[in-house]
Amino acid sequence: METQPLAPGLYIVATPIGNLGDVTRRAVETLGRCAVVACEDTRVTGKLLNLLGLHKPMRRYDDHASDAAREALLAEMVQSPVALVSDAGTPLISDPGYRLVREARARGIAVTSIPGASAVVTALSMAGLPTDRFMFAGFLPNKDKARGDVLTELSGVPATLVFYETGPRLVASLEAIALRLPAREVAVARELTKLHEECRGGTAEELAAHYTAHPAKGEIVLLIAPPGEAEAPDEDAVDAELRAALVEMSPSQAAGKVAKAHGLDRKALYARAMELKAGELKA
Ligand code: SAM
């Protein structure tokens, strides 16, 4: 394995999401050859470095890092190789690093990515839901209203939706999905790459019942299948929804609301809303 120091710059290094066996050869080599390791939590990364038999100076860098801390790291990577890791998985994916990478690139500092595990891709690859298009949307909000609004906003997206989730919030999220997207197939991927790995599919209602009876522990990815043919309402149902919306909003707003709810074409619905409105005026 190469042991010479690396060229100066920023090295984004993915680490395992639970199973040390998933650390890549390049990750070990890069961590071994960098001058310092920037990390969210020096205890967590210190443990990983120990397991890999590496001893490196660490710099704490998280979402709350001050501008001065970021500047110091940027100055360091002009002179020497700096690795950025997060507690687990790929940095920047619901983890710190975005501003650091953006700023490094803006200053012409070389940025290299050493890919590896990430829970979003691991979950997608095993859940059995469509993978041709997916949308990763981070964590759902904590509050009921905000969580519901996000689900409504994303309900028409023609892609598998992927969220990060935690055990204590899982049932509330599943109940919110059951309310807004009752027909969708949902999957809960839990403790990926670890001893108690599990991937369970069903409707949100079924899964909410299951996890109420068997509270989920550990780390979780929640996936929602895209809107399917079965969910597309027939023309009469669309007309009924448009008429109801037209009572309190303009044709454009009514079309937007119904299009969003069902993932339908907004322009076509606007034309139909105008027809319905003209029909009502004549009647
Ligand atoms: N950067 C990480 C990545 O690339 O996956 C994600 C960091 S984010 C702060 C932590 C969240 O990722 C957890 O709350 C969980 O939703 C998800 N996660 C991380 N490891 C996981 C695992 N082994 N199994 C399931 N989900 C996991």
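Here the structure is a predicted model, which is why all the values come from computation and not from measurement. One-based numbering, in listed order, for ligands and for the atoms of each. Position 1 is the first residue of the sequence, and the numbers go up from there.
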Item checked: Evaluation steps, salt bridge (Lys or Arg N to Asp or Glu O under 4.0 Å), between Asp149 and Arg147 -> CA-CA 5 Å; Asp149 287 350; Arg147 186 196 286 124; over 6 Å; no
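- Scanning all protein heavy atoms for the shortest distance to atom 8 (S) of ligand 1 gives Ser94 O, 3.7 Å.
- Using a 4.0 Å heavy-atom cutoff, Thr193 is absent from the residues neighbouring ligand 1.
- Remark: minimum distance from atom 7 (C) of ligand 1 to any protein heavy atom is reached at Asp95 OD2, 3.2 Å.
- Taking distance alone, with nitrogen or oxygen atoms compared against 3.5 Å, Ala119 approaches ligand 1 more closely than that limit.
- The protein non-hydrogen atom at the shortest distance from atom 24 (N) of ligand 1 is Leu192 N, 2.9 Å.
- Atom NE2 of His55 is separated from atom CG of Leu31 by 13.0 Å, given to the nearest 0.5 angstrom.
- In terms of N/O distances under 3.5 Å, ligand 1 is not approached by Gly18.
- Put simply, CG on Leu246 and NZ on Lys277 are 6.0 Å apart, with the number rounded to the nearest 0.5 Å.
- Closest heavy-atom approach to atom 20 (N) of ligand 1 within the set Glu40, Arg169, Glu191, Glu219: this belongs to Glu219.
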Which donor-acceptor pairs under 3.5 Å do the side chains of residues 103-124 make with protein atoms, sequence neighbours left out?
| from | atom 1 | to | atom 2 | distance (Å) |
| --- | --- | --- | --- | --- |
| Glu103 | OE2 | Arg107 | NE | 3.0 |
| Glu103 | OE2 | Arg107 | NH2 | 3.2 |
| Arg107 | NH1 | Glu71 | OE1 | 3.0 |
| Arg107 | NH2 | Glu71 | OE1 | 3.3 |
| Arg107 | NH2 | Glu71 | OE2 | 2.6 |
| Thr122 | OG1 | Ser118 | O | 2.7 |

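- Remark: minimum distance from atom 10 (C) of ligand 1 to any protein heavy atom is reached at Phe139 CZ, 4.2 Å.
- Residue contact check: Glu165 has heavy atoms under 4.0 Å from atoms 14 (O), 15 (C), 16 (O) of ligand 1.
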In residues 6-21, what donor-acceptor pairs under 3.5 Å come from side-chain atoms, sequence neighbours left out?
| from | atom 1 | to | atom 2 | distance (Å) |
| --- | --- | --- | --- | --- |
| Tyr11 | OH | Ala7 | O | 2.7 |
| Asn19 | OD1 | Gly21 | N | 2.9 |
| Asn19 | ND2 | Thr193 | O | 3.3 |

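- Considering backbone and side-chain atoms alike, Thr166 places every N or O at 3.5 Å or more from each N or O of ligand 1.
- From the protein, the heavy atom lying nearest to atom 16 (O) of ligand 1 is Ile220 O, 2.6 Å.
- For atom 2 (C) of ligand 1, the closest heavy atom belonging to the protein is Ala88 O, 3.3 Å.
- Protein heavy atom in closest approach to atom 4 (O) of ligand 1: Ser118 OG, 2.7 Å.
- Within 6.0 Å of NZ on Lys217 lie no more than 12 heavy atoms contributed by other residues, nucleotides or ligands.
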